[in-house]
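Each remark here refers to the structure printed beneath this line.
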There are 2 protein chains.
Amino acid sequence: MTTLKELAKLLNISVSTVSKALNDSHEISATTKRRVNELAEKLNYKPNRIAQQLKSNTTKTIGVILPTVTNPFFAEVLHGIETNATKNKYDIIVCLSDESLTKEQRSLELLSNGSVDGFIIAVARESQVLEQTAHINTVINNKIPVLMFDRVVNEITCDKVVVDDFQSVFEATEYLIKTEQRKHILLVSNIEELSVGKLRIKGYQKSIEDANLKSNVLKLSKVDDVEKHIYNYLQDNPETDAIVSIDHITGIIAINMAKKTGKNIPKDISVIGFGYEHTQLLSSPKISIVHQKAYEIGEMSVKLLIDNLKSEDHKVKTIVVPSELKLGESTK
Amino acid sequence: MTTLKELAKLLNISVSTVSKALNDSHEISATTKRRVNELAEKLNYKPNRIAQQLKSNTTKTIGVILPTVTNPFFAEVLHGIETNATKNKYDIIVCLSDESLTKEQRSLELLSNGSVDGFIIAVARESQVLEQTAHINTVINNKIPVLMFDRVVNEITCDKVVVDDFQSVFEATEYLIKTEQRKHILLVSNIEELSVGKLRIKGYQKSIEDANLKSNVLKLSKVDDVEKHIYNYLQDNPETDAIVSIDHITGIIAINMAKKTGKNIPKDISVIGFGYEHTQLLSSPKISIVHQKAYEIGEMSVKLLIDNLKSEDHKVKTIVVPSELKLGESTK
DNA sequence: TTGTAGGCGTTATCAA
DNA sequence: TTGATAACGCCTACAA
């Protein structure tokens, strides 16, 4: 890689002159600037990023710590993060915790050595279940800004970007009750132990209670054969006329199983699931979904974190990104 | 952040002594080492990564450039890359090209300033279709190692990790012909313009030719309503008794559509798609898939790139990661 | 056993 | 208008 020193030597001028010329300083004459720029162009000079980082004590890099990226929600959030970071001339270093507390701790620890200016994190399932989150506070105490999204720890004070988990499921359920007159609504879930899962279930229950209906929750996260469990439930409870799934998997399975029991969708049973971009393609009829604005969550997270990085007196915020009920063909 | 200088000052010794003590140099006395280590521990000292990078002229960071991460194949490859990179104490900077040539060029350009030691890249759809790949050679000419995976440019000389696209579809088709005695096999695709898509279609065609059957290819990548196209085809060609999908979407849609036309799967029609971890969950009956070892592709890519980074006289290799036919319930 | 000095590539201050 | 120098934080050859 070409350096300032090399350019200086070739042009017989000093390093600092070259530096100033390249940065278009008013101190430098037009001719010198021209000479310098021409050579720099020719040798494809690019200022060494590492040196700039050392000098400026800032990396323009964000550490992004995700539980997984095979879950389409996090994939789409990452998409939003990457796009918006790039737009703001930030790079992202991505670490996957694989839902493991240890990996999450290690990643945070490893990047807290000047590698990044700040973190965007969705905490691992294990960290959330065990309520072990001291490592996050450690980072914050080291004055490295942290933004948490989706899976959030209430006890930690930092910027947060969350989904309207309670409200969205409340409304989805209410839609089934009020608009579709459904009376026997099942909730299926494979994420009931997560903060977001709990909130979504509460939204369902509130709506059910308001209508004096019976709550039916099928928890599947520790179960092998999800298909079979849903199928059996539907066989045993043939009065079921609607299903709400609070994740991006069980809704589609529920559609398949309901069809298998001979029910017509949406005539006999309505189904509302959670989903993102392509989810609807994969079911027939196309599943109605609570569409979480995953991309926007990523975008907002970057925006808020960069705000924090740039301003001296940043005050902590929590932003709620509202979801949208996107009706497909699995509701009437 | 605590620095060597600060430690030195507090202990009234020189910076180099501190440095050596922390690196457990034999030059330093046990007592000094203890004093230094204790204080370092107490102040949570961590060597500044940027300074180390500048000093060593190596970043221990890999630039990963992916077309997208919402496609589960790339998500799983990323998983493999991240895990193996971390294991080898490398970070990854992730850029998404969004299938755009321009974004891909920009990302490569931007990171070619010392930010990374090497690249892992799957070229964007646009770059591949337009056959514009000079930017990749530029990087290689700058002596930054590049590894390409999956979507590969034959004209470029560098390490490659690819899937056995031709062979896997050849075998899947052969399975339908020889084991299941299928005679009217349809291939559906939404990626026929990609190098991998072309190879997969060739594998299908070879197998079909070998058996003296008729080739039927349904190209859907520029089509709005994939469901409808598949449904119509099945209506118009009721003799169809097997479907091969060469992507991770159209196989599941084909199952749904075949069911819709009243066919029984796998009795009347067999379906084999492409897929990864969770794909099989989303269809009923569970789809049989060509399982690309996406995670392994990521792992191998990192391994090969790091080999290249470490050895002086690295010779260029292409590694083929074989896929596996994973029979589900959509074949007999 | 400890310390001094120089350098990685850049930028900024100050002097010429 | 240009150049010398110092500094960012770390490491290391060499001197003490």
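In what follows, every heavy atom counts, from backbone to side chain, and hydrogens, waters and symmetry copies are set aside. Naming: A, B, ... by sequence-line order, numbering from 1 per chain.
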Taking the basic N atoms (NZ, or NE/NH1/NH2) and the acidic carboxylate oxygens, is any pair closer than 4.0 Å for [X] and [Y]?
X: Glu38(B); Y: Lys42(B); answer: no
X: Arg49(B); Y: Asp91(B); answer: yes
X: Glu99(B); Y: Arg151(B); answer: yes
X: Lys33(B); Y: Asp24(B); answer: yes
X: Lys317(A); Y: Asp159(A); answer: no

Please report, rounded to the nearest Å, how far the [atom2] atom of [N] is from the [atom1] atom of [X].
X: Asn113(A); N: dG9(D); atom1: CG; atom2: P; answer: 14 Å
X: Leu11(B); N: dG3(C); atom1: CG; atom2: P; answer: 10 Å
X: Asp24(B); N: dT12(D); atom1: CG; atom2: C1'; answer: 16 Å
X: Asn12(A); N: dT2(D); atom1: CG; atom2: C1'; answer: 13 Å
X: Leu7(B); N: dC11(D); atom1: CG; atom2: C1'; answer: 15 Å
X: Leu22(A); N: dA12(C); atom1: CG; atom2: P; answer: 13 Å
X: Lys9(B); N: dG9(D); atom1: NZ; atom2: C1'; answer: 15 Å

Output a table of nitrogen or oxygen pairs between the protein and nucleotides 8-11 of chain C separated by less than 3.5 Å.
unit_1, atom_1, unit_2, atom_2, d
dC8(C), OP1, Lys5(A), NZ, 3.3
dC8(C), OP2, Lys5(A), NZ, 3.1
dT10(C), OP1, Tyr45(A), OH, 2.7
dT10(C), OP1, Asn48(A), N, 2.9
dT10(C), OP2, Leu4(A), N, 2.8
dT11(C), OP1, Gln52(A), NE2, 3.0
dT11(C), OP2, Ser19(A), OG, 3.4
dT11(C), O2, Lys55(A), NZ, 3.2

Inset, instruction - Taking atom types as modelled, find out whether Thr70(B) and Thr68(B) have a side-chain donor-acceptor pair closer than 3.5 angstrom. - result: yes
Inset, instruction - Taking atom types as modelled, find out whether Ser100(B) and Glu104(B) have a side-chain donor-acceptor pair closer than 3.5 angstrom. - result: no
Inset, instruction - Could you grab the distance from atom CD1 of Ile50(B) to atom CG of Asn113(A), nearest 0.5 Å is fine? - result: 7.5 Å
Inset, instruction - Classify the nucleic acid contact of Ile13(A) as base, sugar-phosphate or nothing, counting any heavy atom under 4.0 Å across all strands shown. - result: sugar-phosphate
Legend entry - Over all atoms of both residues, closest heavy-atom pair of Glu82(B) and Leu96(A): OE2-N, 3.1 Å
Atom pairs under 3.5 Å, N or O on each side, protein against nucleotides 14-16 of chain D: can you list them with distances?
none

Inset, instruction - Report the nucleotide, chosen from dG3(C), dT1(D), dA4(D), that has the shortest atom-to-atom distance to any side-chain atom of Ser14(A). - result: dA4(D)
